[in-house]
Amino acid sequence: MSEPKRYLVTSALPYANGPLHIGHIGGAYLNADIYVRYLRSKGKDVAFICGSDEHGAAITLRAKKEGKTPREIVDYYHELMKNAFADFGISFDEYHRTSSDEHREMSQAVFKKLEEKGSFEVETSQQYYDEEAKQFLADRYITGTCPNCSSDKAYGDQCEKCGRSLSPLELIDPKSTLSGSKPVLKETSHWYLPMAHHESWIRDYIGKGEYQGKTHHDPKEWKAHVVGQCMSWVDGGLQSRAMTRDLEWGVPVPVAGADGKVLYVWLDAPIGYITNTKVWADKNGKNWEDYWKSDESRLIHFIGKDNIVFHCIIFPIILKEHGDFILPYNVPANEFMNLEGDKISTSRNWAVWLHEYLEDFKGRQDEMRYVLCSIMPEQKDSEFTWTDFRDRVNNELADILGNYVNRVFVLMHKYYGGTVPEINGTPSEAEQSAATESRRAYESVGKAIEQFKFREALSEAMNIARAGNKLLTETEPWKLMKTDPQATARILHACLNMVADAAAALSPFLPFTSGKIVEALQIKARTWDEVTMNEQIATGHTIGQLPILFEKITDETVAAQVEKLAQRQAENTATVEPIKDTIDFETFQKLDLRVVKVLAAEAVPKTKKLLKLTIDTGVDKRTVVSGIAEHYSPEDVVGKHVLFLANLAPRAIKGVESAGMILMAENPQGQLSILSTEREAITGSTVK
RNA sequence: UGCGGGGUGGAGCAGUUGGUAGCUCGUUGGGCUCAUAACCCAAAGGUCGUCAGUUCGAGUCUGGCCCCCGCUACCA
């Protein structure tokens, strides 16, 4: 592949309904930032683009729940995320937002062009319309009685009581949650992207790296899990997807008669990359089209694995249909990062929040950048723990890098008052091999970054400091000074240059530290190529004082952070669901609750959660299917008396008819517990 | 369940086209003292999830099975 003229690098637009956590950073931002800083250091023309993703039903629902407007929600999180990114040193050229006027114009223009070209298929169907609120109702905005379990709290897409997926038309006695009125059926149209039409070229694009009959990229450079997931989608047959929604919050569909419709958030968000590029270009006297519409530009999307299909299939289809845009050259998606043995979860508040880290560890961005890069989930899921954080910071950053730089500064000041002496003589073998290793490591850093192997790159950058430590120990300048001052001067000069080289090699990863080192050296920061050209610090140059680069992380600090997580867990445990609406006694009496005995139990084949139980109700024996297999094995439950709802309408689950429901207590962690009687249990006892 | 990814010394990970199993951390022993109790050297430790197959030879290819993760389905 020839060198492109410019790079367009994007990070996934974070969704503006929660703060950022370390999983986000290690997934799609730190790696992108390292990549971009490297390219900039090489003097490349780069645009690094991101922004908040602020539309979609989840935000409107959240706003409704909290009694706020969607605007208030997104304003809050946009600011929070933008500041956290900036503080952490994620060096976006532009961090804009999808709720902006610029974005409305851009996404409407893209939509309009596709609409006019006939890239969409318009499908008309009957949908519920709220005449008071004057809008079509998204599935989630309709409640009614479930045709299956008769719960009156069913939503248009699903009954949460019985879990059955529904279509709004199946609901008995539907109601709008907006106005409470009874919605009427009205004809509506939606724009679908017929992805099946694109299967053939997508297959070539992903599988062979070919586009429009030409080589586009080397598919071997793409990660296995990215190609694998895409091909499995294509092989499974691409389905048409609606690109519009009936919602108020979003970009209005720019077509006459489409009132109350907005662009699907998944369409609107990636167009945000384009909008935000334009916003940046306009501010900086550049032309955004150079980046998006030129074969000489290279587009790279950094994302997490949950976004693969969208960035590799759906968005490319949009870009191609539009006609002028280039396609992603690579999508180096990362896997997920876990935290202390459990997956990170925003809703369960199980996370290390970036803004809290920045608060608790002021001025220590590089420590987290180092650790996150070291454990970046490049090929498989990885795990962050606070003890591992401590070990890596203390044993690697502080001991190997920080201490090396410090040794060199101390020796330079001690022997030469900080001024680089005259350099003479022929380097010894140890000096030569240190220089060779340092050079090799430096070049490996760049190569690894270009292949998106950030962990390897960081490790190679650290090898420069390792080589320096080795040279010092092998040559022992503190002894040599007495016998061979000329060699000592040469060695320390070499060490000093290795400090400068390490600062350059590490600058994409640890920009703050790199800056501190450069400042202490009192030199100009070296670009990538200046180091490759073997630029040296000149005789007569005086260096300054070095601050301690990395303080050790104490066990107390670790304990405090672990405690913080545990506390959140406790808070979570404390959260209980609110009391439901009052019902009358007659309604209660309709329930046939009783104690039954489990006679037999077996796992339902090919399922993870289901047990098939034979129970004795006292009146009859029957079969129920219960989703408890992850909490109880068949042996655990046989012979037990359990609480049972006997007059629930039967339902087939995985082909087995289930007549009734075993009642279980569930804690906030989702753990189930059998309910039974405290005194002697009699099979068939009623519960009142 | 279907699909995808992964299972390598105590921990975290590399292993390109098949040919003596590597790295970082940790552990043990030694050296050094300029340095942030740091640094350097050496050693111990793995039959590469499992079973079978292809091959002169497999962590690396083929097939079956087990386990973990993601999306997906079933937790009335």
Side-chain angles (χ1 to χ4, degrees), chain A residues 146 148-151 159 161-165 220 223-233 235-236 304-306 308-309 333 335-336 338 343 374-383 385 387-388 391-392 394-415 453 455-456 458-460 462-463 465-466 468-481 492 495 546 548-552 604-611 624-631 645 648-656 658-664 666 670 672:
Chain A
C146 174
N148 182 51
C149 72
S150 304
S151 157
C159 171
K161 187 97 184 295
C162 71
R164 165 110 161 229
S165 319
K220 288 201 195 83
K223 297 192 186 190
H225 70 265
V226 174
V227 174
Q229 191 171 333
C230 291
M231 291 314 277
S232 99
W233 252 63
D235 291 342
K305 70 171 155 185
D306 49 340
I308 289 172
V309 167
E335 306 263 346
F336 285 158
N338 296 318
K343 54 185 154 188
S374 301
I375 61 170
M376 205 172 259
E378 291 176 337
Q379 311 292 342
K380 54 185 167 191
D381 290 357
S382 66
E383 170 138 338
T385 65
T387 53
D388 181 63
D391 290 346
R392 288 179 191 275
N394 292 356
N395 304 337
E396 298 178 31
L397 261 190
D399 288 354
I400 294 170
L401 176 65
N403 182 48
Y404 170 65
V405 178
N406 187 244
R407 301 171 83 177
V408 175
F409 269 75
V410 167
L411 289 167
M412 280 298 297
H413 280 292
K414 196 163 179 174
Y415 295 154
K453 295 178 177 174
R455 302 212 295 205
E456 182 185 325
L458 176 57
S459 157
E460 288 286 13
M462 291 292 288
N463 279 338
R466 288 196 171 92
N469 275 320
K470 186 170 170 162
L471 178 61
L472 282 178
T473 305
E474 280 176 355
T475 57
E476 301 185 306
W478 47 94
K479 284 183 183 166
L480 201 61
M481 188 62 181
L492 285 183
C495 285
L546 182 78
I548 288 289
L549 293 174
F550 305 104
E551 302 276 357
K552 295 276 178 103
V604 178
K606 300 186 174 180
T607 67
K608 214 159 68 177
K609 297 180 175 177
L610 302 183
L611 287 187
V624 291
V625 176
S626 189
I628 59 174
E630 289 182 312
H631 308 275
L645 176 57
L648 189 62
R651 186 179 164 205
I653 301 166
K654 276 287 167 188
V656 183
S658 177
M661 175 176 177
I662 307 285
L663 302 184
M664 293 270 171
E666 182 176 19
L672 297 181

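Because the structure is a prediction, the values reported are computed rather than measured. A note on names: the letters A, B, ... follow the listed sequences, proteins ahead of strands, and every chain is numbered from 1.
B:rG59 and B:rG15: their C1' atoms are spaced 8 Å apart (whole Å). B:rG6 and B:rC23: their P atoms are spaced 24 Å apart (whole Å). Across the P atoms, B:rU62 and B:rU55 are found 16 Å apart, a figure rounded to whole Å. Here, B:rG53 and B:rG12 have their C1' atoms 33 Å apart, quoted to the whole Å. Comparing the C1' positions of B:rA58 and B:rU20 gives an interatomic distance of 13 Å, to the nearest angstrom. Across B:rA21 and B:rU47, the matching C1' atoms stand 11 Å from one another, rounded to whole Å. As rounded to the nearest Å, B:rA14 and B:rG5 have P atoms that lie 15 Å from one another. Separating the C1' atom of B:rA35 from that of B:rA11 is a span of 28 Å, rounded to the nearest Å.
Put simply, CD on A:Glu335 and NE2 on A:His225 are 4.0 Å apart, with the number rounded to the nearest 0.5 Å. Residue A:Lys453 holds its NZ atom at 12.5 Å from OG of A:Ser459, rounded to the nearest 0.5 Å. The CE atom of A:Met462 lies 5.5 Å from the CG atom of A:Leu397; values are rounded to the nearest 0.5 Å. For the atom pair A:Glu396 CD and A:Phe550 CZ, the distance stands at 11.5 Å (nearest 0.5 Å). The line from CG of A:Asn403 to CG of A:Leu549 is 10.0 Å long, rounded to the nearest 0.5 Å.
In this structure, A:Glu378 places its CD atom 16 Å from P of B:rG12, rounding to the nearest Å. At whole-Å resolution of the value, CG in A:Asn406 and P in B:rC34 are 13 Å apart. The distance from atom CG of A:Leu610 to atom C1' of B:rU1 is 11 Å, rounded to the nearest whole Å. As rounded to whole Å, 16 Å separates atom P of B:rU24 from atom CG of A:Leu401. As a whole-Å value, the separation of A:Asp391 CG from B:rG26 P is 7 Å. Between A:Glu456 atom CD and B:rU16 atom P the separation is 12 Å, expressed in whole Å. In this structure, A:Lys453 places its NZ atom 10 Å from P of B:rA14, rounding to the nearest Å. When rounded to the nearest whole Å, the span between CG of A:Leu546 and C1' of B:rU36 equals 11 Å.
Listed nucleotides B:rC32, B:rG31, B:rG70 differ in distance to A:Thr473; the shortest reach to its side chain belongs to B:rG31. Comparing B:rU24, B:rC32, B:rA35 by their nearest atom to the side chain of A:Trp478 picks out B:rC32. Closest to the side chain of A:Arg466, from the set B:rU24, B:rC34, B:rU36, is B:rU24. Of the candidate nucleotides B:rG70, B:rC13, B:rC39, B:rC39 has the atom nearest to the side chain of A:Asp399. Here the nucleotide nearest the side chain of A:Ala224, chosen from B:rG6, B:rC40, B:rC25, is B:rG6. In the set B:rU36, B:rA35, B:rC39, the nucleotide with an atom closest to the side chain of A:Asn403 is B:rA35. Side-chain proximity of A:Ile548 to the nucleotides B:rG26, B:rG70, B:rU36 is greatest for B:rU36. Nearest to the side chain of A:Asn469, among B:rC34, B:rG12, B:rC40, sits B:rC40. When each of B:rU33, B:rC25, B:rG5 is scored by its nearest atom to the side-chain atoms of A:His225, the top-ranked nucleotide is B:rG5. Across B:rC74, B:rC39, B:rC34, the shortest atom-to-atom separation from the side chain of A:Leu411 is found for B:rC34.
Taking the side chain as every heavy atom from C-beta outward, A:Lys343 and A:Phe336 never approach each other to under 4.5 Å.
Side-chain nitrogen and oxygen atoms of A:Lys552 include none within less than 4.0 Å of the OP1 or OP2 phosphate oxygen of B:rA37. A:Lys470 has a side-chain polar atom (N or O) that falls below the 4.0 Å cut-off from OP1 or OP2 of B:rC41. An OP1 or OP2 oxygen of B:rA14 is reached within less than 4.0 angstrom by a side-chain nitrogen or oxygen of A:Arg455. A:Lys305 has no side-chain polar atom (N or O) that falls below the 4.0 Å cut-off from OP1 or OP2 of B:rC69.
Nearest-nucleotide positions on RNA chain B place A:Glu383 closer to the 5' end than the other of A:Glu383 and A:Val624. Closest-nucleotide positions on RNA chain B for A:Asn338 and A:Gly402 were compared, and the one nearer the 5' end corresponds to A:Gly402.
Residues A:Asn463 and A:Arg466 bring a donor and an acceptor atom of their side chains to less than 3.5 Å of each other.
Among the heavy atoms of the strands lying under 4.0 Å from A:Glu335 are primed sugar atoms or P, OP1, OP2 only; no base atom is included. Contacts of A:Asp381 with the nucleic acid, taken as non-hydrogen atoms under 4.0 Å apart, involve only primed sugar atoms and P, OP1 or OP2. Residue-level contact check: A:Glu474 touches neither bases nor backbone, having no heavy atom under 4.0 Å from any strand. Residue A:Lys223 is classed as having no contact, given no heavy-atom separation below 4.0 Å to the nucleic acid. In this structure, A:Glu396 reaches the sugar-phosphate backbone alone: every heavy-atom distance under 4.0 Å involves primed, P, OP1 or OP2 atoms, never a base. Here A:Phe550 lies in heavy-atom contact (under 4.0 Å) with a base. Within the 4.0 angstrom heavy-atom criterion, base atoms lie near A:Leu549. A:Ser459 comes within contact range of no nucleotide atom at all, as no heavy-atom separation falls under 4.0 Å. Across all strands shown, A:Glu476 has heavy atoms under 4.0 Å from sugar-phosphate atoms exclusively, and none from any base. As judged by a 4.0 angstrom heavy-atom cut-off over every strand, A:Ser374 is placed among residues making no nucleic acid contact. As judged by a 4.0 angstrom heavy-atom cut-off over every strand, A:Val408 is placed among residues making no nucleic acid contact.
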* To do: Take A:Ile662 and A:Ile628 through the test side chain to side chain contact (heavy atoms under 4.5 Å, CB included) and record every step on the way to the result.
  => CA-CA 9 Å; A:Ile662 307 285; A:Ile628 59 174; 5.6 Å; no

| said: Working note: A:Arg392 + A:Ile375, criterion side chain to side chain contact (heavy atoms under 4.5 Å, CB included); need CA distance, chi angles, decisive distance, verdict. | reply: CA-CA 10 Å; A:Arg392 288 179 191 275; A:Ile375 61 170; 3.6 Å; yes

query: Given A:Arg407 and A:Thr473, is the side chain to side chain contact (heavy atoms under 4.5 Å, CB included) satisfied, shown in steps?
result: CA-CA 11 Å; A:Arg407 301 171 83 177; A:Thr473 305; 3.9 Å; yes

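Contact detail for A:Leu472 and A:Pro477: the closest heavy-atom pair is O-CD, 3.4 Å.
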Intra- and inter-strand pairing of RNA chain B, written as dot-bracket with Watson-Crick and G-U pairs under 3.5 Å and | for the latter, reads .((((((..((((.....[..)))).(((((.......))))).....(((((..]....))))))))))).....

